[in-house]
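Here's the structure we're looking at; comments come further down.
The basis for the numbers below is simple: all heavy atoms, side chains too, and nothing from hydrogens, waters or symmetry mates. Residue numbers start from 1 in every chain, and the chains themselves are labelled A, B, ... in the order their sequence lines are given, proteins ahead of strands. For clarity, every value in this text was computed on a predicted model and none was experimentally measured.
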Protein chains: 4
Amino acid sequence: MADPTSRGFPDATRRNERARRAILAAALSLVDETGYPGLSIEALAGRAGVGKQTIYRWWPSKAAVLLDACQGLDEAHPDGPEPSPAPDTADLAADLKRMLRATVDELTGERYGPPLRALAAAAACDPVLAAGLTDRLLAPRHARFERRLRTARAAGELAADADLPLVTELLLGSLAYRWLMGRSVLGHADADALVDHVLRGVSAP
Amino acid sequence: MADPTSRGFPDATRRNERARRAILAAALSLVDETGYPGLSIEALAGRAGVGKQTIYRWWPSKAAVLLDACQGLDEAHPDGPEPSPAPDTADLAADLKRMLRATVDELTGERYGPPLRALAAAAACDPVLAAGLTDRLLAPRHARFERRLRTARAAGELAADADLPLVTELLLGSLAYRWLMGRSVLGHADADALVDHVLRGVSAP
Amino acid sequence: MADPTSRGFPDATRRNERARRAILAAALSLVDETGYPGLSIEALAGRAGVGKQTIYRWWPSKAAVLLDACQGLDEAHPDGPEPSPAPDTADLAADLKRMLRATVDELTGERYGPPLRALAAAAACDPVLAAGLTDRLLAPRHARFERRLRTARAAGELAADADLPLVTELLLGSLAYRWLMGRSVLGHADADALVDHVLRGVSAP
Amino acid sequence: MADPTSRGFPDATRRNERARRAILAAALSLVDETGYPGLSIEALAGRAGVGKQTIYRWWPSKAAVLLDACQGLDEAHPDGPEPSPAPDTADLAADLKRMLRATVDELTGERYGPPLRALAAAAACDPVLAAGLTDRLLAPRHARFERRLRTARAAGELAADADLPLVTELLLGSLAYRWLMGRSVLGHADADALVDHVLRGVSAP
DNA sequence: GAGTAATCGAGACGGTACGTCAGGTCTTCCG
DNA sequence: CGGAAGACCTGACGTACCGTCTCGATTACTC
C-alpha cells in the first residue's frame, strides 16, 4: 500500500519545494552562525521566509530538519549524489588512512562540522533521532569502510574472524570521541595512528 | 598577593553546604526522571528547595551542575572516593575485559547512564564543558586503563611503540560511540570483542 | 501613504477581544483585592487566563492596563457611555454641590476608588501616564464642571473674568488632595463647604 | 515609662549617626538620579556604604527613609531649622502670593521636587505613610498659611465664617494637583491666579 | 582596662516578579 | 488546500530586589 492518503498527514505532492529548500538552507546557515542551542524554530522560519507552521507540518523537530539538511549536503556533493567508492589499491593501510583522513576533514570542516556536532548532541538524548542519524548519515560512511575491509579480508589480508562492523566502529567511533570531547583539533596524523594501531594490534609480536 | 579573592566572585567560605548537596541531588534525580532537555533551572531550584539565584551564584550552567553532581557520584562511591586500582593479574586481556565490562555497566546503569548522556550531549556543543567533562570524569577512567597498559608494556606484553592514550581511546571511544548512537544496548560481549580486536589487531597473522 | 502599519507594532485587527476584556477585568479585581503594589503582571496574566506576552504586546505597563480598565468602567456606566450632562437648575451652588458630591462618591466608592488611587500613585512618577490619566479620565470630569460654570458665567452669575479651568481645579484638585493625603474620609459636607468657599470667596464682604 | 528597653526594638542610643546620615543622603541622591521606582534598598545600602540590615533595623520601608530625608532637608534649611514666619504686611493677597510662589519654587525645585513626588506616590497607596507625610512635612506648611489667614480674619479682612484649614487646602491642594497631574510646569502666575480666585471668590459681585 | 552586648558592613539565602525568548497550536488571509 | 503571518497560552530564561539570616569586626557601655 503505497497510498499516502492517511488522514492527518499532509499531502506531500502539494508540497512547496522552494520552501523546503529555503528551510534546509536556513538551518545550515543558522547552526553555523549561532550554534545548535541558538537554532530556534522562529529564527529558522524567519531566515527561510516561511511560516512556523510550514516547518511543523513537515518535520517533527528542529533536529529532524537539520538531519535532512545534512543529508541534502551529502546529495549535493560535487561528485554527485553517489558516495565515491572506497579507494582500492594494493595497500590496505594507505587506503584506510586516505579514507579516515577524509573523514577528519569532513568533521573539522566548515560544511559538515557544525551541523554534525549539533546532530550528535541532539541524538545523544533522543533515540529516534539517533536512529535516523545512524541510518541516513553514518551508515553510508560505515559501509564504505566495511566494503574496503571486506575486500581485504577476502584477499587474506585480514584475520578471517575479524568483525568488520566492529573494526569500522573502532576507527570511526574513537575518532568521533576525540572530535567531540578532545581538547585538540583532529589532524591527519591522528587518522594515520588510528589505522596503524587498529591493523597491527597492540600485543607484542 | 596570592589572594584569590577576585572581586565579583561569591565568597565560597560562606557557602551553604546543605543547599549545595540538595542541588546536586536534585539534578541527578531530575535528569533521571525527565531527561536532560527536561531539566530546567526552575525545576532544579524547586526540587532542591532553593532559590534560582543560589544556583546561578555558584554554577555557570545546568550542565556544570550536572558535572559536579557526577563527580560527587564518583566520590560517594561505596568503595570510597579513591577509584579502585586496575586489576592486575597475569592475564592482560582478562583484566581489560573486566575493566571494560565495568565501564559498560556504568554507562548502561541507572546511576551514571542518564547524567552522562546529558553531559555528553551538552559537551558536544560547549568546549568549556567538554574540557571539564574530560578532566574531571573521563580522565580518571582513562588513567586506570593506561596504568594497566603501561604495566603490560613494561612486561613486554605490548608492542614497545604502542600509544597507550590512543589505545585507551580506541576502547573507550568506540564504546562510547556505540553507547550514544547505537541501536542496541551495550553488553559484556561487546566489551570482550572490543578488547580482543584491539589487542590482536586485525591484520592477518 | 497614511498607512499606519508601522512595522514593529502588532496588528490590532487580529487582537483577541476576549483576552483584552479578561485582562481589564482582572486588573480591576486585583487592584481591589491586593492594592496597586500587589498588582503584578504575573498575577494579572494568571487571573485573566492569559500569557504575559499578551499583556506586554498591547500595553507598556501595568498602569496603562489600569488606565484602560478605568476608561472601560466609564464607558460601561449604567447610564451609557455618554457622561450624564451637568445638572442645570436655577441654583448654581446646588448644582455644583450635586456634582461634587457625586465626585466624592466616585472617589470613595468601591468601583473607582482603588484603581484611581493606584493610577494617581503611578502618574505621580510617570509623566506619560499622567498625561493619559488627565486626558482620558480627568478631562471629561473637568469638562462637565466647566460647562456648568460657563452657563453660569453667561448668565451673569459669575464674575466675567473668572478662569473656569482654574475654578474647576480648585474644586477637584483640593478634593483630590484631601482624598489622597487626608486622614479623614471624604463626605458630602466636604463637597458642600468647598463649593461655598469657592463661590463666595474668602474676603470679607 | 520612658524606658526604651522594650525587647525587639533596637537601642537608639547606640545608633551610628554617620550611617544614618549616609542613608538619608543616599536616598535623596538616588531618588534624584533614578526616580522613586528605581530606588531600591540594595542600591540605597550600596550607595550609603551600609549593610541592608542597618536600614531595615531603623526604618519600616524605603518611603519612611525618604520621609526622614525630606524632614532632614527642612531642618537643614539655610534659614535654620525653624520655618520662616509667614510674611505679614498690610496686603494679605500679596503675602499669600509670596508664600504660594515660594511653595511653587519648592515643588518645582531640584531639592524637594523629586523626593516629594516620590512620597506623594507612595502615600497615595499607604495610609500610614500618608499620615506621616501630612504630619511631618505638610502640616508645618499648612500652619504657616493658616497663621497668616488667622491674622487676617482677626483683622476683619476675611469673612468671619471662613474655614481656614479649608482655604489652605484650596490653595495648596489644587496647587499640588496641578503639580502632580498637570501637563505644564507650575509658575508664579499660577500661584497668583490661585490666590486671587480664592480670596475674591467666583460669584459675580 | 576587660568583658559583653549590640550595631555595623557584608552578603548568602529562599523567594517573587520582572521583561524576554521560544515552543507549539490556532486562526486569518492570500494565491 | 498549502503557505506566510503572527496572535495566543505556556513555560523557562537570567536578573533584580525583597526581607531574613548569619558571619566576623568594631564599638561603646558595664563592671
May I ask you to decide if D/Ala124's main-chain N or O and C/Arg117's side chain share a donor-acceptor pair within less than 3.5 Å?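 The answer is yes, because a donor-acceptor pair under 3.5 Å joins these two groups.
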Donor-acceptor check, side chain of B/Thr34 to backbone of B/Leu30, threshold 3.5 angstrom: yes or no?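 Yes, the answer is positive, given that a donor and an acceptor are paired below the 3.5 Å cut-off.
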Among F/dC9, E/dG11, E/dG9, the nucleotide that comes nearest once only the side chain of C/Val50 is considered: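 So the side chain of C/Val50 is nearest to F/dC9.
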Is the closest basic N to carboxylate O distance between C/Arg136 and C/Asp68 below 4.0 Å?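 Answer for the salt bridge query: yes.
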Within this structure, what is the [atom1]-to-[atom2] distance between [X] and [N], rounded to whole angstrom?
X       : N      : atom1 : atom2 : answer
D/Arg21 : E/dC8  : CZ    : P     : 14 Å
A/Leu44 : F/dA4  : CG    : P     : 12 Å
C/Tyr56 : E/dT20 : OH    : P     : 7 Å
B/Leu39 : F/dG11 : CG    : C1'   : 15 Å
B/Arg18 : E/dA12 : CZ    : P     : 19 Å
B/Trp59 : F/dC13 : CH2   : P     : 15 Å
D/Ile41 : E/dG11 : CD1   : P     : 18 Å
D/Ile55 : E/dA10 : CD1   : P     : 12 Å

Hey, which of these two, A/Gly51 or A/Glu42, hits DNA chain F nearer its 5' end, going by closest nucleotide?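 Here A/Gly51 is the residue nearer the 5' end.
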Whether D/Arg15 engages the ring of D/Trp59 as a cation-pi pair (distance to the six-membered ring centre under 6.0 angstrom, angle to the ring normal within 45°) should be assessed.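 Satisfied, under 6.0 Å and within 45°.
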Which is it for A/Glu33 and A/Arg47 under the salt bridge (charged side-chain N to carboxylate O under 4.0 Å, His left out) test, yes or no, and what are the steps along the way? CA-CA 12 Å; A/Glu33 291 165 27; A/Arg47 172 78 60 105; 2.8 Å; yes
Determine whether any donor atom in the side chain of C/Gln53 lies under 3.5 Å from an acceptor atom in the base of F/dC8, or the reverse, and answer yes or no.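 Answer no: no donor N or O sits under 3.5 Å from an acceptor.
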For E/dT27, does the base pair up with any side-chain atom of C/Arg14 as donor and acceptor (N or O, under 3.5 Å, distance only)?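 Answer yes: a donor N or O sits under 3.5 Å from an acceptor.
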Want to settle it: does B/Asn16 or D/Glu17 sit nearer the 5' end of DNA chain E, counting the closest nucleotide to each?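 Its nearest nucleotide lies further toward 5', so the answer is D/Glu17.
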With nearest nucleotides of DNA chain E determined for B/Ala48 and B/Lys52 from heavy-atom distances, which residue corresponds to the more 5′ nucleotide?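 That would be B/Ala48.
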May I ask you to say what C/Arg57 touches in the nucleic acid, namely base, sugar-phosphate or nothing, with a heavy-atom cut-off under 4.0 Å?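 It contacts base atoms.
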Under 4.0 Å between a side-chain N/O of D/Trp58 and OP1 or OP2 of E/dA6, yes or no?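 For E/dA6, neither OP1 nor OP2 has a side-chain N or O of D/Trp58 closer than 4.0 Å.
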Strictly below 4.0 Å: does D/Thr54 bring a side-chain N or O up to OP1 or OP2 of E/dT7?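 No, because none of the side-chain N or O atoms of D/Thr54 sits under 4.0 Å from OP1 or OP2 of E/dT7.
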